[in-house]
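Some notes on the structure that comes next.
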Amino acid sequence: MTGTLAVIVASYNRPRMLSECLWSIHGADQIVIADDGSDFDVAALAGRFDLPGLELVSNPPRSPERRMLEPQNGKLINRALKAVQTDYVGYLCDDDLFDAEWPTNARAALDYYRDFHLVRGDWRLFQDGETRKNAPLCKFGFQPPLTAGNFVHRVSGATTENCWWGERSLAVHDCV
């Protein structure tokens with residue numbers, strides 16, 4: 001059996017970065033963009049790509065200051081997760097990119113290791129204009145955390161085991 005894979009992309013007010021992020025996703029069966037109230041037409045931007053099973057889940061437009069005072073990201077990600085129609089799901093922030101083989105490899109690992117709920121990969125750091133090919137591994141000084149772009153889990157973790165995102169989350173609140 002080969003499981004299907006969705007990617008939830010968390011986004012807010014970064015059209016160039018969102019474009020680059022969407023361009024980096026290969027091998028997914030569904031893309032769900034979770035937009036936290038951007039002031040540009042996210043649907044029009046996403047429409048420029050050939051994205052499988054595209055869904056858009058969004059909050060009403062709001063300022064960066066309001067986002068910090070009223071954290072809605074956890075609720076938004078949970079709404080996006082409820083829109084997922086696949087066996088597995090990964091996450092990507094609009095300022096992150098997938099390695100070309102990551103979705104396929106993560107799916108293959110979960111297909112092979114049927115008892116695993118989640119797989120995690122490495123995280124590399126590079127700046128605008130630098131090539132990703134030889135980017136160094138991030139050094140955290142501890143076991144790398146689960147963060148957008150480096151883990152994929154079974155959707156059943158949420159739907160069957162009731163393990164959802166914290167609804168007061170401030171995640172994805174980068175400065176604009």
Side-chain angles (χ1 to χ4, degrees), residues 1-12 14-38 40-59 72-124 132-133 135 144-167 169 171-172:
M1 175 192 143
T2 300
T4 53
L5 174 72
V7 176
I8 294 175
V9 177
S11 182
Y12 176 72
R14 297 189 283 208
R16 179 186 65 88
M17 289 179 154
L18 178 59
S19 292
E20 291 172 2
C21 169
L22 294 173
W23 174 83
S24 80
I25 301 172
H26 304 283
D29 301 292
Q30 182 184 14
I31 309 289
V32 181
I33 299 173
D35 181 69
D36 199 16
S38 293
F40 69 94
D41 190 343
V42 175
L45 183 145
R48 293 187 236 155
F49 296 86
D50 183 23
L51 301 173
L54 178 64
E55 297 270 346
L56 179 60
V57 176
S58 60
N59 282 333
Q72 299 285 319
N73 197 60
K75 289 179 186 175
L76 179 65
I77 297 297
N78 284 337
R79 286 179 29 226
L81 190 49
K82 289 175 184 173
V84 167
Q85 304 286 316
T86 61
D87 302 305
Y88 314 137
V89 62
Y91 303 86
L92 200 55
C93 290
D94 58 8
D95 63 344
D96 294 323
L97 305 173
F98 274 151
D99 182 76
E101 285 125 23
W102 169 241
T104 301
N105 290 341
R107 178 195 330 235
L110 287 171
D111 284 344
Y112 185 79
Y113 296 102
R114 304 297 301 156
D115 292 338
F116 285 20
H117 295 276
L118 173 143
V119 294
R120 179 182 59 80
D122 291 327
W123 212 46
R124 297 184 178 269
R132 294 185 288 170
K133 187 172 187 169
L146 297 178
T147 185
N150 83 337
F151 75 101
V152 171
H153 67 85
R154 295 182 191 283
V155 173
S156 63
T159 59
T160 303
E161 299 172 35
N162 204 29
C163 185
W164 299 90
W165 286 76
E167 300 239 328
S169 170
V172 194

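Because the structure is a prediction, the values reported are computed rather than measured.
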Partners meeting side-chain contact (heavy atoms from CB on, under 4.5 Å) with Ala28 (sequence neighbours left out):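 Residues passing side-chain contact (heavy atoms from CB on, under 4.5 Å) with Ala28: Val7, Ile25, Ile31.
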Residues that Ala6 engages under side-chain contact (heavy atoms from CB on, under 4.5 Å), provided they are two or more places apart: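 For Ala6, the residues satisfying side-chain contact (heavy atoms from CB on, under 4.5 Å) (neighbours in sequence not counted) are Gln30, Val84, Thr86, Val89.
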Report the distance from atom [atom1] of [X] to atom [atom2] of [Y], rounding to the nearest 0.5 Å.
{"X": "Ile33", "Y": "Leu92", "atom1": "CD1", "atom2": "CG", "value": "11.0 Å"}
{"X": "Glu101", "Y": "Thr104", "atom1": "CD", "atom2": "OG1", "value": "7.5 Å"}
{"X": "Arg16", "Y": "Asp94", "atom1": "CZ", "atom2": "CG", "value": "10.5 Å"}
{"X": "Phe98", "Y": "Leu22", "atom1": "CZ", "atom2": "CG", "value": "11.0 Å"}
{"X": "Lys82", "Y": "Thr159", "atom1": "NZ", "atom2": "OG1", "value": "11.5 Å"}
{"X": "His117", "Y": "Ser156", "atom1": "NE2", "atom2": "OG", "value": "7.0 Å"}

Can you give me the closest heavy-atom contact between [X] and [Y], atom names plus distance?
{"X": "Leu5", "Y": "Pro103", "result": "CD2-CB, 3.5 Å"}
{"X": "Gly3", "Y": "Asp87", "result": "CA-OD2, 3.2 Å"}
{"X": "Leu81", "Y": "Ala158", "result": "CD2-CB, 3.6 Å"}

Residue list, ring-ring contact (aromatic ring centres under 6.0 Å, His included) with Tyr113, at least two apart or on another chain: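 With sequence neighbours excluded, Tyr113 shows a ring-ring contact (aromatic ring centres under 6.0 Å, His included) to Phe116, given in chain and number order.
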Residue pairs involving residues 22-35 (criterion salt bridge (Lys or Arg N to Asp or Glu O under 4.0 Å); sequence neighbours excluded):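 Pairs touching residues 22-35 that pass the test: Asp29-Arg107.
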Exercise answer: donor-acceptor pairs, residues 45-59 side-chain atoms, under 3.5 Å, sequence neighbours excluded:
| residue | atom | partner | partner atom | Å |
| --- | --- | --- | --- | --- |
| Asn59 | OD1 | Arg79 | NH1 | 3.0 |
| Asn59 | ND2 | Asp36 | OD1 | 2.6 |

Side-chain touch Asp96/Tyr91, heavy atoms, less than 4.5 angstrom: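 The answer is no; the side chains never approach within 4.5 Å.
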Flag side-chain contact, heavy atom, 4.5 Å: Leu110 against Tyr112: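 Contact flag for Leu110/Tyr112 side chains = no.
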Donor-acceptor under 3.5 Å (Ser24 side chain, Cys21 main chain):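 Between the backbone of Cys21 and the side chain of Ser24 there is a qualifying donor-acceptor contact (under 3.5 Å).
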